[in-house]
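Letters A, B, ... are given to chains in the order of the sequence lines, protein chains preceding strands, and every chain is numbered from 1.
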Amino acid sequence: MRYTRAFFPTLREDPAEAKKTPSHRLLLRAGYIRQVGAGIYEFLPLGLRVLRKVESIVREEMDRAGAQEVSLPALLPADLFKETGRWDLFGSTLFRLHDQKKNDYHLGPTHEEVITDLVRSVVKSYRQLPINLYQIQWKYRDEARPRAGLLRCREFLMKDAYSFDADEAGALKSYAAMREAYKAVFRRVGLDYRIVSADSGAMGGSTSAEFQILAETGEDAIVVCSNCDYAANVEAAVARRSETSASAPSGQRHKMVATPDKKTIEEVAAFLKVETRATVKAGAFMFGKGPGDAGALALTFVRGDRRVNEVALARELGANWVRMAEDHELEKAGVVAGYVGPFELPASVSVVLVDGEIAGAQDMVIGANKAGHHVTHASMVVALEKLGARGKACDIRAVGAGDLCASCGAALQEFKGIEGGHIFVLGTHYTKKMNVTFLDEKGTENLIVMGCYGIGVSRLVASAVEQRHDGDGIVWPMSIAPYHVIVTPLAADGPMMEAAEKLYHSLVAMGVEAILDDRDERPGVKFKDADLLGIPLRVTVGKKSLEQGKLELKARNAKDAELIELETAAEQIAARVKAAIAG
RNA sequence: CGGGGAGUAGCACAGCCUGGUAGUGCGCUAGCUUUGGGAGCUAGAAGUCGCGGGUUCAAAUCCCGCUUCCCCGACCA
């Protein structure tokens, strides 16, 4: 590509709409993407080339793993989502529309129903299983708040694969194959990532893992063991229960004390002169199944210095949604906000969860269920006994940095991550709802067991930039760079330009993707643009070195340039590109 | 969906409070000089001031409504 003919609209200044997220800022500035609306982007020539490369890597690894590519529509009639209930369940995130006959349609946010319907119409026998079908398709979700450029869009490119097996064991095998394929994809794209166990949500999944790309701008928090291979999304994380200072009986009788206007843990602990870890923090949540469900009240108790993990809470409650209760909801149940405790609870409170870490604690400060009062020297053991069937001890506390690994006891580290991929065993969640069966060897009808596997293709592009950029611009890995090399003559005509032309043509002939910066610009401008674009290799054709029969080769991620022989430059560069792609 | 901010030339922004000829820098066009990390000078082109309504002799500026975008939070199969 000759730069003078290229559609590379770079910006000298940071666009106002993207000051925050590095990938957003740089992809816009370097002319890879343009924003059309909130969470809607155009891919310009450079951006599309990168997107296509990531797509190709994904496609190669999926094909290698035995999956077959299909293309399902982005525009879908509502019937299938209505069949599984997701027409209602998806709520406002679904882009809905109707045709001229007023029939309901939507844009596909994900394609479980469509693919399941396809397989349902074809597969009748165990002989046809297993199958793994995938597509690379634009998905549409009406995100309440699109943000961070390509990281959270309303239109985004996703690879989604769906496996269909005769039984759970087969599904696990398919899952394992996808896990390996994903590892290959993330490695080839050049991403620093962690595979973490994840919450499967309420969608009936049993086994699932996320491929989390480490980045400061990530929306997810993950914990990783500093010693063993344990890693988890904090939503699903568990940790060793740590010693609570007040775990042993104090020998003192529990006692109600006045704590006027001391509502927060910090206020109470300071007032009673105890550590926050010797107090119990109460929480009140409403939970329910359906989106319109009125919900029920659940009280939670965790150690004073802990927080509740709402996802773990939902899991324990078997709920589809959980939110903090409002004061009027507490009042209605006869509970006093700020002074909630596990003793003397009104009968209207039917669900009480006590975190496992304090379930055995014997000497704690707790709310007295009476305005302005707390109870000291309280035993959670006794509290649980008295609660009977209403109470349950389970792990609902949030896990974070500094907690100890449940499997090996080493310290957990916490990172921010971008969810780049997610693999699930879905089981029969969809096949049951959609009645997708096959006949086994004995002629018995069985439900097909599914798995689903997603990779955010456009999100990986942005993620790569999040991990690979510096003050001057993007630093692409060779495998997904839009071009491998940029040839930069320091004059737009004469011997330097002639040598550059010659090198450029040799490179192209060898299959190297090259840009020739044939613009009549000052060197500084060319260097700045080359750095901003992030092309992995730059060859500078300068006067002095050319007179010695040499060229300067500089890697984008290296500090200095090296001199290479003009004669063999093309071969050397081609070899280097090839080696870098191979990783 | 709750809270905050902003829409003025391709980009970044000033002007608005105190109504009266639409401005600056970058980019763009032409010319001259310059040429190893975003050059200098000269001359130019380029704007329904987000949209609609109102007040006024007169609105980018004041008032009302709408809309879009950004940020924080909630949400995120």
A/E210 CD to B/C76 C1', straight-line distance once rounded to whole Å: 12 Å
A/Y105 versus A/N103, side-chain donor and acceptor atoms under 3.5 Å: no
Pairwise C1' distance, B/A12 and B/A6 [rounded to whole Å]: 14 Å
Between B/A30 and B/A46 - P atom distance, rounded Å: 16 Å
Base-pairing mate for B/C1 - Watson-Crick or G-U, with both contacts under 3.5 Å: B/G73
Review item, nucleotides 69-71 of chain B N/O atoms under 3.5 Å of protein N/O:
{"unit_1": "B/C69", "atom_1": "OP1", "unit_2": "A/A38", "atom_2": "N", "d": "2.9"}
{"unit_1": "B/C69", "atom_1": "O3'", "unit_2": "A/Q35", "atom_2": "NE2", "d": "3.2"}
{"unit_1": "B/C70", "atom_1": "OP1", "unit_2": "A/Q35", "atom_2": "NE2", "d": "2.8"}

Gap in Å between the two P atoms, one belonging to B/C13 and one to B/G52, rounded: 25 Å
Separation of B/G73 C1' from A/R152 CZ (nearest whole Å): 14 Å
B/G10 base / A/E13 side chain donor-acceptor hit below 3.5 Å: no
Any strand: nucleotide that pairs with B/G19 via Watson-Crick or wobble, under 3.5 Å: none
Identity of whatever pairs with B/G10 - Watson-Crick or G-U, under 3.5 angstrom: B/C26
Base-pairing assignment for B/A46 (Watson-Crick or G-U wobble, both under 3.5 Å): none
C1' spacing across the pair B/G5 / B/A43, given as an integer number of angstrom: 40 Å
Which residues share a side chain to side chain contact (heavy atoms under 4.5 Å, CB included) with A/A177, sequence neighbours left out: none
Same-atom distance (C1') from B/G20 to B/A58, integer angstrom: 7 Å
Protein proximity profile, nucleotides 35-52 of chain B - base contact B, sugar-phosphate-only contact S, no contact -, cut-off 4.0 Å on heavy atoms: SBBBB-------------
Whole-Å distance separating the CG atom of A/L151 from the P atom of B/C76: 19 Å
Sugar-phosphate only, base, or nothing, as touched by A/P15 at under 4.0 Å among non-hydrogen atoms: sugar-phosphate
Side-chain (A/H111) to main-chain (A/P73) donor-acceptor, under 3.5 angstrom: yes
Spacing between A/F90 atom CZ and B/C75 atom C1', to the nearest angstrom: 13 Å
Distance, P atom - from B/G65 to B/A74, rounded to whole angstrom: 30 Å
With A/D220 via side chain to side chain contact (heavy atoms under 4.5 Å, CB included) - residues at least two apart: A/Q212, A/N233, A/E419
B/C63 and B/G73, which share atom name P, separated by this distance in whole Å: 31 Å
First of A/F156 and A/A144 reached from the 5' end of RNA chain B, by closest nucleotide: A/A144
d(CG, A/L76; C1', B/A77) in whole Å: 14 Å
Residue list, side chain to side chain contact (heavy atoms under 4.5 Å, CB included) with A/R96, at least two apart or on another chain: A/W87, A/L94
Closest non-hydrogen atom pair between A/A569 and A/L503, with its separation: CB-CD1, 4.0 Å
Distance in angstrom units between A/M158 CE and B/A77 P, rounded: 11 Å
A/T431 side-chain N/O to A/I448 backbone N/O, donor-acceptor pair under 3.5 Å: yes
Rounded distance in Å between the C1' positions of B/A77 and B/G3: 28 Å
Length of the CG-C1' vector between A/D14 and B/C13, whole Å: 14 Å
Those residues that, when tested against A/D165, pass side chain to side chain contact (heavy atoms under 4.5 Å, CB included) (two or more places apart): A/P130, A/S163, A/A171, A/S174
Given A/F43, A/F8, A/W476, A/F7, the one that forms ring pair (Phe, Tyr, Trp, His ring centres under 6.0 Å) with A/Y32: A/W476
Distance-only donor-acceptor check, side chains A/Y430 and A/R86, under 3.5 Å: yes
